[in-house]
Structure formats: C-alpha cells, structure tokens
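Following: one structure in structure tokens, then a few remarks.
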Amino acid sequence: MALLTSLPAAASNPETERPQVGLVLSGGGAKGMAHVGVLRVLEEMNIPVDMVVGTSAGSAVGALYASGMSVAEIEQRFINMDWLSSFRDDPGRAYKPVRRKQGEWRFPVTPGLGISLDGLHLGAGIISGQNLGFILNELTHNVALVENFDRLPIPFRAVATDLETGDMVVLGSGNIATAVRASMSIPGVYAPVNLDGRLLVDGGIANNLPVSVAREMRADIIIAVDITDALMGPDELREAFSVFGQLTTIMTRRNADQQLEMLGEQDVLIRPDLEGQSSADFYNAPLLFELGASGAREHAVDLNALVVSNEAWHAYRSRLASADYSAGSVARIEVEHDRRLGRDFLRERIRQKTGEPLDVEALEEDLKRIYGLGYYEIVSYSLSSAVDGTVLKIKVQEKSWGPNYLSFGLNYEDNFDGDTRFNLATSLRMTELNELGAEWQTGLQLGTEPRIRTQWYQPLDYGYERFLVTGAEYSRDTFSVYDAEGERVAELDVAFRQVDVGLGTELGGNGEARFTYTRGYATVDNQIGAAVAPEGAVHQGNVSLQLVHDSLDDAFFPREGAFAGIRGRLEREDLGSDRHFDAVTGMVLGTGSWRGFTLTGLLYAHTVTRGNAGIENAVRLGGFRRLSAYAPGQITGDSAAMGSVYASQAFGGPIVPWFAGMGLETGNAWDSLSDAGWNSSVRSWSLFAGVDTFLGPVQIATAYSNKDNWAAYMNIGFSFTQLFY
C-alpha cells in the first residue's frame with residue numbers, strides 16, 4: 001500500500017465523548033447511488049459520521065458528504081445529472097471554433113487515433129475523462145481550496161490503484177476532484193490519472209471496500225456498505241461480456257472479502273439488496289436511493305447504539321455547516337508550461353482577471369473552448385491558498401496519441417430510383433506546427449463524389465482572433481440534367497481544380513468572417529445524352545466574403561441553436577476567370593426542443609445578381625431534404641430558394657435514441673430570383689424516421705409533391721449546413 005498523506009490523529013468531537021464512526025463505501029458503478037440512501041437513514045437516526053473512506057463510486061458519494069453537502073442535495077444532484085456526458089469527452093459543439101464545425105459533417109468519426117512516423121497510436125482509455133473532471137469540479141467547488149482532506153467538514157480518503165504496481169494508493173491531500181477522478185478511472189474506459197508521477201486507476205482493483213484505511217484513521221466503529229457484485233453462476237457465463245465481467249468481479253470480490261474479515265462485533269455491515277440492478281443503471285437513481293435506505297433500515301437495531309441526542313446531533317450538523325472555504329479573489333494565475341505550444345497560447349484564452357473573484361462558469365467555458373481545439377487529453381484547473389490570496393492553476397495534458405490525428409466519415413443517399421451516392425472519407429490533421437498553433441489538414445473522399453483538399457491554417461495571434469488559410473482542392477460531381485417534364489435528358493461529370501488563400505477573423509465563439517481569393521478551373525466531360533454544355537476547361541477566378549454564425553448543438557441532427565451564413569462572390573476576368581458574374585448565397589436555420597419534441601425551420605437562397613454563371617456554377621436542389629420529392633439535381637438554375645420546416649419526436653432511451661417526424665419544403669429554381677413566387681414554387685411533404693449513430697442519423701423517408709412526384713430515401717450523414725458550404 002502506498003500512502004500519499006499522513007494519517008490524522010483521532011478526530012476531535014466537541015459534541016460529546018463517543019466512539020469515532022468511520023463510514024466505508026465500496027465501489028460499484030451506478031449502484032453506488034445506494035450509498036446515498038444509507039446516508040439518508042443515518043441522518044434520520046441522528047448518527048454522526050466522523051470520517052469517510054470510499055472507493056470508485058463510493059469515493060464520489062463520500063467526497064460530497066465529506067464536503068458538507070446535505071443528503072437531500074446529493075440526491076437531487078444525482079437525479080438531475082446528465083450521466084451520459086460523463087462518458088463523453090466532447091464538451092459540446094458550441095465550444096468548437098467555426099473552422100472545426102465547417103468540416104465536421106465530412107469527418108464526424110474521431111476515434112482517438114493518432115499517426116506518426118513510428119505507426120498508429122491510441123489513447124490510454126476510450127474516454128479521457130474531460131467532462132467527468134468538469135462534473136467533479138462543479139460538485140466539489142465549495143471545498144476546492146482544501147488541500148488536506150483532514151480539514152474537510154468530515155475527514156475523507158479516496159482509494160485508487162497504482163497501475164504500474166497494483167498497489168493501493170490512499171489519497172488524502174491535493175485536489176479533491178482529482179482524487180475522486182483517479183479513484184473512478186475504470187481501466188480501459190477512462191484514461192489513468194497522472195498524479196505525482198504515478199498512473200492511477202480505479203481503486204476497486206486494489207481495495208474495493210477499504211476497511212483497513214478507516215482502521216488506520218483510528219475509527220472505533222465502522223459502518224461498511226458493500227455493493228460489490230456477487231460472482232455469477234455457470235448458467236450465466238455464456239457470453240464474452242459475462243466472462244470478462246466475472247474476471248473483474250473475482251478481483252474486487254476477493255479483496256472485499258479480505259477487508260470484511262477485519263470487521264469486529266461492534267461494526268456494522270450493510271449489504272443493500274441490489275439484485276437486478278447493474279453498474280450502468282445511472283438513470284435509476286430514485287430506486288437505488290430507496291434500495292440503499294432499505295438495506296440500512298434492516299440494520300436499525302445494530303445502528304441504534306450509535307444514535308446521539310437531538311442536542312448533540314444539531315451541534316454536529318452546525319459544525320459541518322459552519323465550515324467556510326470561499327475562494328475570494330484570484331491573486332495569481334499559473335499555467336503549466338506546454339511542450340509544443342507556449343504558455344501565452346493558453347493564457348490568452350483565459351478571461352479570468354487577477355484581483356477579481358473566481359468566475360467558475362466563465363472559467364469552465366474557457367477551458368471547454370481550449371479543449372475544443374482538439375490538442376489536449378485533459379484540460380483542468382485547481383485552486384490553492386497563498387499568502388496573497390487564491391492561486392488558480394490551469395493544467396493541460398497533451399494527447400498521448402497526438403499531435404497528428406485521423407478522422408473518418410461516411411455519406412450515403414439512395415432514392416431507390418437509380419440515384420445512389422456513397423462516399424467514404426478520411427482526414428489527417430497535423431496540429432501544433434508552430435507556437436501560434438498552425439495546422440495542416442488533408443482530407444480524402446472516395447466514392448461517387450471524389451474529393452481531396454489540403455490546407456494550411458495559420459493563426460496570426462495567440463488568441464486565434466485572426467488567421468490565414470491557404471489550400472488546394474480537387475473535386476468531381478456527376479450532374480443529371482432534366483427537361484421541363486422532369487425527364488432526365490443528360491448526365492455529365494464536372495471536375496473542379498482550385499487553389500485559394502483566405503484571411504479571416506473569429507467573431508466570438510460561434511462566429512467567423514473570411515475573405516478568400518480562389519483561382520482554378522472547371523472541366524465538363526463524359527456527357528451522356530443530349531449535349532447541354534461545351535466540353536473543356538472553364539477558368540475560374542473570384543473573391544468572396546463570407547460571414548457565418550453557427551451555434552447548433554449537433555452537426556447532423558441539431559436540437560438547439562442556430563446557423564446563419566451569407567456569402568458574396570465576384571467572378572471577374574481580371575481575377576483569372578472566363579466568366580463575369582456576381583452571386584449571393586444565404587441560409588438561416590433555427591431549431592429548438594421541448595421534452596423530446598424538436599422543431600426546425602430553414603430558409604435558403606442563392607441568386608446570380610449580375611452576369612451568367614454557367615452550368616458548372618448552377619445551384620441544384622432535389623434529393624433528401626432539398627425538396628425531397630424530387631430527384632437530386634432535378635431542380636437546377638442560376639438562382640434558387642427553399643424554405644422548410646421539420647417537426648420530430650425523440651423516442652427510446654439515452655443509449656439508443658430514435659426519432660420520427662414530418663417535414664414541409666417549398667421552393668424552386670429560376671433564371672433570376674426576381675421570378676420567384678408562391679405560384680411558381682413546388683411543395684414537398686415528407687415523413688421520416690431514424691436512429692442517431694456515431695456516423696450521424698441513419699434515416700428512411702418518403703416524400704410527395706404537389707406535382708404528383710413520389711420519392712423514398714435511405715440516408716446516412718445528412719447535415720443541413722451542406723446546403724451552404
């Protein structure tokens with residue numbers, strides 16, 4: 001066993017002379033919420049607790065109680081908690097810069113896979129634990145300044161395991177959120193916590209019921225709450241998952257049984273009946289509370305010897321409530337130096353000022369935006385006391401599999417009438433190429449719409465407010481041409497080759513302005529059917545100004561937020577173009593949800609305000625959610641407009657959510673937007689259903705138009721923002 005703090009003397013008890021009670025809480029995942037029910041019964045019976053020791057889930061519950069939080073508040077926090085977020089590292093799309101959001105729909109799968117000259121690299125866990133760290137920081141913020149856990153309202157210890165040696169590590173000092181995070185780091189799921197040079201993981205491996213630690217803290221009487229899983233019988237060991245689970249249970253059950261042998265006659269062992277509950281039942285909090293309470297009440301006779309008078313109980317609770325650990329003003333901000341990027345890179349992104357009170361909400365937003373850059377495995381903070389006030393420490397841990405990352409994507413659309421689009425994509429993003437945070441990204445897409453783009457992103461300051469982007473791109477698409485009766489008369493391939501350079505600035509966290517010069521050419525070839533365009537190269541040269549706001553919470557199936565974009569393009573001969581025209585593209589999208597019901601509205605328009613754009617620049621509608629009752633490209637012109645509204649309802653649980661809904665789309669394409677009108681527009685009604693996946697929603701839909709057109713679709717990976725970009 002390794003001990004990272006000195007053991008305290010017996011805790012003083014000003015209320016009355018009585019035995020010192022140590023509460024020991026075992027690990028058990030979601031079943032750890034049963035501990036809260038036990039605490040409720042102890043308080044109902046007026047039983048003071050003088051020290052708390054916890055492993056894994058037990059350390060989380062124990063830390064909250066030791067910090068002085070009431071049982072009622074602990075219960076409410078657990079009921080309201082977004083448990084799924086603790087199993088995700090992504091802080092949310094709102095905290096990513098617009099440039100990340102632009103390509104997110106092409107490469108949505110980021111599996112924590114890095115690449116370097118010596119091969120591929122994976123992270124130490126499926127989850128780094130970024131969001132879990134934020135959750136624990138928020139839950140324990142009132143005692144964030146307490147570095148010695150003996151100085152908490154109730155002395156506390158968290159138990160972790162040294163990954164290198166397998167030894168138990170007792171955490172009794174430092175940052176309490178970090179200690180709990182280490183105690184809960186399930187190997188292979190959460191990345192280990194690097195603390196004082198040690199890699200720490202879930203304490204259940206070494207000691208799932210740390211009775212011995214409470215004994216060393218000089219507890220006279222121990223209340224041990226054991227929720228360790230029982231071993232499964234042969235009839236239950238039929239699948240790989242059950243076999244793996246049994247191996248884990250053998251390890252924790254064995255060390256728990258060894259600890260149980262240390263209990264004496266005066267100690268109390270509580271084993272709530274949790275049959276049928278699993279370590280993943282996080283959304284069964286109220287039931288688990290009650291099961292824990294029932295288990296404690298079964299030992300009411302044994303516990304009765306520990307009851308104190310009402311006077312002594314109120315004195316005990318008053319002492320806990322009187323503890324004050326307010327942070328006060330921030331005297332200094334210390335940033336852990338980074339190997340690849342300078343300290344200024346991080347400090348520039350922290351809005352907290354010295355001499356002002358700590359703004360936890362703003363600080364966490366800043367840290368989430370730093371994490372959203374994609375460079376770090378963990379971005380965290382801690383507080384410490386100094387003579388001149390509170391010291392705020394910002395700590396970052398670079399991704400062990402970085403700084404070059406692979407991501408992937410898949411897009412599929414089939415209207416069951418000969419139009420099938422299937423694309424596989426991958427991207428290599430090389431980051432932190434200089435102290436300002438330059439990046440080089442190359443994306444490759446293979447399929448019916450092949451595309452390759454490589455670009456260099458160069459920030460012009462530490463804060464990313466101004467940047468330069470230069471890139472080169474090749475893409476090819478197949479256009480179908482239809483006559484006035486909706487019959488396909490031709491098919492042609494159009495290929496684009498271009499280079500571009502852009503200068504931009506961020507407009508807050510969700511906005512961006514970018515001015516771009518593009519030079520290249522388009523070729524029209526492989527025509528099938530009627531000749532509708534001259535073959536050969538059409539040179540392109542243009543400047544464009546683009547303004548974007550993107551606060552959508554999801555790239556594919558947004559439930560909250562908005563998107564607004566406008567782009568003006570000037571194509572001129574003196575810029576290298578064979579064309580002379582001006583065009584404007586605009587799009588507005590808003591969405592909101594209430595109790596699983598989501599309503600989304602969209603307006604889109606593209607118009608050539610002057611000149612002739614040519615067929616290679618024509619805007620095309622038709623296809624899934626682009627006037628769905630029509631085939632892709634069936635509605636084509638120099639100008640187009642579309643308005644749509646979609647309503648859907650979410651079903652299923654948080655693990656496998658699915659949805660169904662309906663939509664109305666109206667619009668058309670014209671030679672000029674001045675020709676647009678309700679009478680010349682078409683309408684499309686649709687019904688759809690799907691399931692949300694890591695690739696984006698997988699949806700099936702059917703659509704019908706006011707022109708008696710029918711269509712059906714299967715789609716994977718559709719994003720509304722594709723219409724604009």
Side-chain angles (χ1 to χ4, degrees), residues 98-99 102-103 438 440-443 449-460 466-477 479 492-507 511-525 532-548 564-587 604-620 636-641 669-674 721-725:
V98 171
R99 63 188 175 88
Q102 288 178 351
W440 183 15
Q441 182 174 13
T442 299
E449 299 167 277
R451 177 182 182 270
I452 182 170
R453 177 171 176 82
T454 184
Q455 72 173 31
W456 180 277
Y457 172 85
Q458 178 61 60
L460 301 179
R466 292 170 296 277
F467 57 86
L468 181 72
V469 177
T470 181
E473 181 175 330
Y474 168 83
S475 62
R476 192 177 79 240
D477 197 1
F479 286 43
L492 62 154
D493 288 341
V494 180
F496 298 88
R497 300 165 180 85
Q498 67 180 45
V499 294
D500 53 77
V501 57
L503 184 65
T505 182
E506 290 189 355
L507 305 173
E512 179 189 282
R514 187 179 298 195
F515 180 80
T516 304
Y517 169 67
T518 303
R519 182 75 171 87
Y521 63 94
T523 57
V524 179
D525 51 26
V532 295
E535 295 191 359
V538 178
H539 288 272
Q540 296 180 312
N542 64 75
V543 293
S544 62
L545 177 63
Q546 176 176 289
L547 300 174
V548 169
I566 186 168
R567 179 172 56 249
R569 172 180 172 184
L570 279 69
E571 194 89 15
R572 292 292 186 271
E573 294 88 342
D574 53 3
L575 295 174
S577 177
D578 292 334
R579 307 285 191 190
H580 183 109
F581 69 91
D582 301 338
V584 178
T585 304
M587 176 175 151
Y604 167 82
H606 173 90
T607 182
V608 175
T609 60
R610 181 170 63 174
N612 180 16
I615 192 169
E616 73 278 5
N617 296 306
V619 60
R620 300 185 303 140
T636 304
D638 283 347
S639 300
W670 303 269
D671 292 334
S672 172
L673 207 59
S674 62
T721 58
Q722 292 174 234
L723 292 169
F724 183 78
Y725 293 120

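Values in this document were obtained by computation on a predicted structure and should not be read as measured data.
Figure legend: cation-pi geometry between Arg99 and Tyr457, with NZ or CZ positioned under 6.0 Å from the six-membered ring centre and within 45° of its axis.
Listed by chain and residue number, nothing satisfies the salt bridge (charged side-chain N to carboxylate O under 4.0 Å, His left out) test with Arg567 (two or more places apart in sequence, or in another chain). Taking Asn542 as the reference, Glu571 meet the side chain to side chain donor-acceptor pair (under 3.5 Å) condition, with sequence neighbours excluded. With sequence neighbours excluded, the residues forming a salt bridge (charged side-chain N to carboxylate O under 4.0 Å, His left out) with Arg453 are Glu473, Asp500, listed by chain and number. For Thr516, there are no side chain to side chain donor-acceptor pair (under 3.5 Å) partners two or more places apart in sequence or in a different chain. Residues satisfying the ring-ring contact (aromatic ring centres under 6.0 Å, His included) criterion with Phe724, sequence neighbours excluded, are Phe563. Legend: residues meeting side-chain contact (heavy atoms from CB on, under 4.5 Å) with Thr636, ordered by chain and number and at least two apart, are Ala618, Arg620. Residues meeting the side chain to side chain donor-acceptor pair (under 3.5 Å) test with Thr721, sequence neighbours left out: Ser719. Listed by chain and residue number, Met587, Leu602, Tyr604, Arg626, Met642 satisfy the side-chain contact (heavy atoms from CB on, under 4.5 Å) test with Leu723 (two or more places apart in sequence, or in another chain). Arg497 meets the salt bridge (charged side-chain N to carboxylate O under 4.0 Å, His left out) test with no other residue; sequence neighbours excluded. Under the salt bridge (charged side-chain N to carboxylate O under 4.0 Å, His left out) criterion, Asp578 pairs with no residue, sequence neighbours left out. For Leu545, the side-chain contact (heavy atoms from CB on, under 4.5 Å) partners are Phe515, not counting sequence neighbours. Contacts of Glu573 classified as side chain to side chain donor-acceptor pair (under 3.5 Å), with partners at least two apart in sequence or in another chain: His580.
From Asp671, atom CG reaches atom OG of Ser639 across 8.0 Å, with rounding to the nearest 0.5 Å. Taken to the nearest 0.5 Å, the CD atom of Glu616 stands 13.0 Å off from the CG atom of Asp477. In this structure, CH2 in Trp670 is found 10.0 Å from OG1 in Thr607, a value given to the nearest 0.5 Å. Atoms CZ and CD, from Arg466 and Glu506 in turn, are 10.5 Å apart once rounded to the nearest 0.5 Å. Put simply, CG on Asp638 and CD1 on Ile615 are 10.0 Å apart, with the number rounded to the nearest 0.5 Å. Residue Leu575 holds its CG atom at 12.0 Å from CD of Gln540, rounded to the nearest 0.5 Å.
Two residues are said to be in side-chain contact when any heavy atoms from C-beta on lie closer than 4.5 Å; Arg569 and Thr518 fail this criterion.
Atom OH of Tyr521 has 12 or fewer heavy atoms from other residues, nucleotides or ligands within 6.0 Å. Sparse packing is recorded around CH2 of Trp440, with 12 or fewer heavy atoms of other residues, nucleotides or ligands lying under 6.0 Å away.
What you find for Tyr517 and Val543 is that their closest heavy atoms are CD1-CG1, 3.8 Å. Here the closest heavy-atom approach between residue Ala613 and residue Val608 is recorded as CB-CG2, 3.9 Å. Of all heavy-atom pairs between Leu673 and Ala641, the closest is CD1-CB, 4.1 Å. Ala669 and Gly637 get closest at one heavy-atom pair: CB-N, 3.7 Å. Closest approach of Trp456 and Ala438 over heavy atoms only: CZ2-CB, 3.6 Å.
Comment: Glu512 engages Arg514 in a salt bridge, judged by a side-chain N to carboxylate O separation of less than 4.0 angstrom.
A donor-acceptor pair under 3.5 Å is formed between the side chain of Arg572 and the backbone N or O of Phe581.
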